[in-house]
Amino acid sequence: MPHRTHLYAAVGAVLLTASALPAGARPAAALDTSRLPPPAAPRSGAPGPPAAGSSFQPEGSVTADALRAKVQGCAPVSKGRYRTDQGKPADIPVCDKKGAVFWKADLDIDCDGQVTARCNKKTDPWFYGDTAFHQSDGKPLNAETLPYVVVPAPSDIWDHTSSGIRGGGVAALVHKDRVEYAVVGDTGPAGIVGEASYAAAHSLGIDPDPSRGGVASGVTYILFKDSRVTPIESRSSAVELGSRLAREFLQEN
């Protein structure tokens, strides 16, 4: 099921940089705390999740049902539609809302970035040691610990920067009863959507194994316009800013 972003990472890194943010972008102050709630048990042979607490705790006060209720119907902002994987139908539009864009798709696992115990060439046959956007120290992002979402590289279908979506922006990922706040951290194939980091899948209760994990459908991606997490690697800052923007999204739509 996975589609791989590393084939397009070099292009994405040239086209987009985390510093290319509008002057009016909304920053979030960095915090020191972070947490990684556990998902369902990984499949046999999977590398397994990082060490975490004993029970799932939702991030912020906005519920999955409340967010899903606001993304019924679609006012397309994309000129065409995306596939979830190569060979699948192109039937997923990017939809516009006040303060955000969204799409509904599968979730394939992106393990690209820093080499870690669970993201490396042994655990991920498609592993690529870089991401389109980098940490504040210049290193690639850490897919094992940082929830991030992958956006398609700009094309005639849609250029996400034209909608105020850039590296370091914040997104709400919704799956079943869970909401996870993530940063825009990598770019993927120009015609495909539906991918997020190991850590994002893990927090949503989705098998995060990079070679066999993911889920075939049922994930809603809500990306908040003109937002910025500072520094991009601060998970707690993403939760703080994402929670606030999610509440605003509910009020304004």
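To the nearest 0.5 Å, atoms OG (S237) and CD1 (I232) are separated by 11.5 Å.
For the side chain to side chain donor-acceptor pair (under 3.5 Å) test, residues two or more places apart in sequence or in another chain that qualify with S163 are W158. Listed by chain and number, the residues in a side chain to side chain donor-acceptor pair (under 3.5 Å) with T63 amount to none (sequence neighbours excluded). Remark: L67 engages V62, A172, V174, V179, I222, A246, F249, L250 in a side-chain contact (heavy atoms from CB on, under 4.5 Å) (not counting sequence neighbours). For D91, the side-chain contact (heavy atoms from CB on, under 4.5 Å) partners two or more places apart in sequence, or in a different chain, are P89. Contacts of D137 classified as side-chain contact (heavy atoms from CB on, under 4.5 Å), with partners at least two apart in sequence or in another chain: Q135, K139. Remark: S136 pairs with E233 by the side chain to side chain donor-acceptor pair (under 3.5 Å) rule, at least two apart or across chains. The side chain to side chain donor-acceptor pair (under 3.5 Å) check on D65 picks up R68, with sequence neighbours excluded.
Listed by first then second residue, pairs satisfying disulfide bond (SG atoms under 2.5 Å apart) with a partner in residues 128-175 number zero, not counting sequence neighbours. Pairs of residues two or more places apart, or lying in two chains, never qualify as disulfide bond (SG atoms under 2.5 Å apart) while including a residue from residues 209-253. Legend: disulfide bond (SG atoms under 2.5 Å apart) pairs involving residues 112-208, not counting sequence neighbours, sorted by first then second residue: C111-C119.
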Return a table of donor-acceptor pairs under 3.5 angstrom between the side chains of residues 93-105 and protein atoms on other chains or two or more places apart.
from: D96; atom 1: OD1; to: K225; atom 2: NZ; distance (Å): 2.7
from: K97; atom 1: NZ; to: K70; atom 2: O; distance (Å): 3.2
from: K104; atom 1: NZ; to: V71; atom 2: O; distance (Å): 2.9

